[in-house]
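Step one of this worksheet: look at the structure below.
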Amino acid sequence: MGNGAQPDYLAFGYWIYEPDDVTDTDPYEFGVFGSSGDPFEAANLAGLTRKATYKGAATGAYYVNALSNDPTVGSFDSDVTLEADFGDDSATGFIDGEVSNFAFDHDVASSLPETVALTSGAYAYASLPAAFGVRPGSTNIFDTPCRACNNNPGPFRGGQIGGATKASVGKQEWSGSWHGIFYGNGAAPTDHPTGVACTFGSHEHDRNEDGQAVANIGLAGAFGARRQ
């Protein structure tokens with residue numbers, strides 16, 4: 001248990017809905033989510049110091065040649081490691097890490113990155129109501145190819161974390177973002193969060209015939225990680 005009142009667990013995953021007739025206006029729907037029963041009390045973040053390591057597992061889906069008539073869509077499992085620096089009472093904390101050791105369900109490894117870097121992002125001492133990322137009790141939904149998540153606005157408890165993702169395949173640079181929340185309250189307000197639950201995505205960009213940027217190859221998923 002976290003604070004004695006809320007169950008301390010992490011739940012994360014993804015889902016894909018395929019309509020009967022997939023068209024340009026009625027595409028596959030893809031969602032990722034991460035949550036817990038014990039969001040960390042954001043008011044306690046300012047009093048935390050020192051560093052902490054979080055390790056866990058990730059899962060999600062990928063798409064290759066999404067703009068063709070014969071795209072490849074599948075799933076993956078991977079590992080995740082995060083390093084959090086909680087700063088001190090005069091400095092904001094930061095957290096970064098990477099998703100690695102991808103296991104894909106098809107022979108697509110040469111088309112997808114070996115690692116996805118979760119670049120440094122400042123976590124918020126105060127909650128932001130319309131944050132792009134995990135919100136307790138909700139899912140993060142976006143269409144394939146990866147577009148912006150759609151969150152129901154409203155206040156939530158917990159320290160918001162996130163930043164940009166970086167990856168590469170050969171000379172092709174990939175971009176994206178990752179977002180989540182600290183979870184798990186200890187017995188004392190100075191105890192580090194016991195876990196994080198996050199969503200993430202990364203993709204390369206091509207241009208369509210109108211010159212608009214479109215995602216032809218990419219991946220997205222969710223992860224949960226525990227303090228070591």
Side-chain angles (χ1 to χ4, degrees), residues 10 12-16 28-36 39 42 54 56-64 66 75-76 78-85 92-100 102 112-136 138-153 156 158-169 172-183 195-206 212-225:
L10 298 173
F12 59 94
Y14 72 96
W15 53 264
I16 298 176
Y28 290 91
E29 293 181 0
F30 174 62
V32 291
F33 68 91
S35 187
S36 170
Y54 295 83
T59 189
Y62 62 84
Y63 52 95
V64 177
S75 61
F76 67 83
S78 56
D79 299 325
V80 63
T81 300
L82 292 164
E83 297 290 338
D85 183 345
T92 302
F94 287 85
I95 184 169
D96 57 18
E98 70 174 16
V99 184
S100 60
F102 284 93
L112 297 165
E114 293 183 1
T115 63
V116 174
L118 310 172
T119 64
S120 298
Y123 59 75
Y125 282 166
S127 300
L128 300 179
F132 169 79
V134 176
R135 176 174 178 265
S138 72
T139 56
N140 300 323
I141 303 169
F142 53 91
D143 294 334
T144 301
C146 295
R147 297 175 182 171
C149 278
N150 178 18
N151 247 357
N152 295 324
F156 58 87
Q160 176 196 351
I161 58 177
T165 62
K166 294 183 178 180
S168 63
V169 178
Q172 177 66 52
E173 297 296 322
W174 287 36
S175 62
S177 58
W178 68 284
H179 304 269
I181 290 180
F182 284 120
Y183 287 101
V196 296
C198 303
T199 61
F200 71 99
S202 189
H203 53 85
E204 71 167 21
H205 279 105
D206 285 342
Q212 298 172 320
V214 291
N216 188 43
I217 304 175
L219 55 83
F223 62 82

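Quantities reported herein were computed from a predicted structural model and do not represent experimental measurements.
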Side-chain contact, heavy-atom cut-off 4.5 Å: Phe12 with Thr59?
yes

Apply side chain to side chain contact (heavy atoms under 4.5 Å, CB included) to the pair Phe182 and Ile95, showing each step before the final yes or no.
CA-CA 11 Å; Phe182 284 120; Ile95 184 169; 4.1 Å; yes

Without swapping roles, check the side chain of Thr165 against the backbone of Gly201 for a donor-acceptor pair under 3.5 Å.
yes

Which residues pass the side chain to side chain contact (heavy atoms under 4.5 Å, CB included) test with Ala58, not counting sequence neighbours?
Ser78, Val99, Phe200, Phe223

Drop me the distance from Glu114's CD to Glu98's CD, to the nearest 0.5 angstrom.
10.5 Å

Separation between CG (Leu112) and NE2 (His203), nearest 0.5 Å, reads 13.5 Å

Ala167: side chain to side chain contact (heavy atoms under 4.5 Å, CB included) partners, not counting sequence neighbours
Pro113, Val116, Trp174, Ser202

Mind checking whether Leu10 and Tyr183 have side chains closer than 4.5 Å, heavy atoms only?
yes

Given side chains that start at C-beta, do those of Phe94 and Glu83 come closer than 4.5 Å, heavy atoms only?
no

Among residues at least two apart in sequence or on other chains, which ones pass side chain to side chain contact (heavy atoms under 4.5 Å, CB included) with Ser168?
Glu173

How many angstroms lie between atom NZ of Lys166 and atom CG of Leu118, to the nearest 0.5 angstrom?
12.0 Å

Asp96 side chain reached by Leu82 side chain, heavy atoms, under 4.5 Å
no

Step by step, would you call Tyr62 with Phe76 a ring-ring contact (aromatic ring centres under 6.0 Å, His included)?
CA-CA 7 Å; Tyr62 62 84; Phe76 67 83; 7.2 Å; no

For Ala225 and Val80 the tightest heavy-atom approach is CB-CG1, 4.2 Å

Ile181 CD1 to Ser35 OG distance, which is reported to the nearest 0.5 Å:
8.0 Å

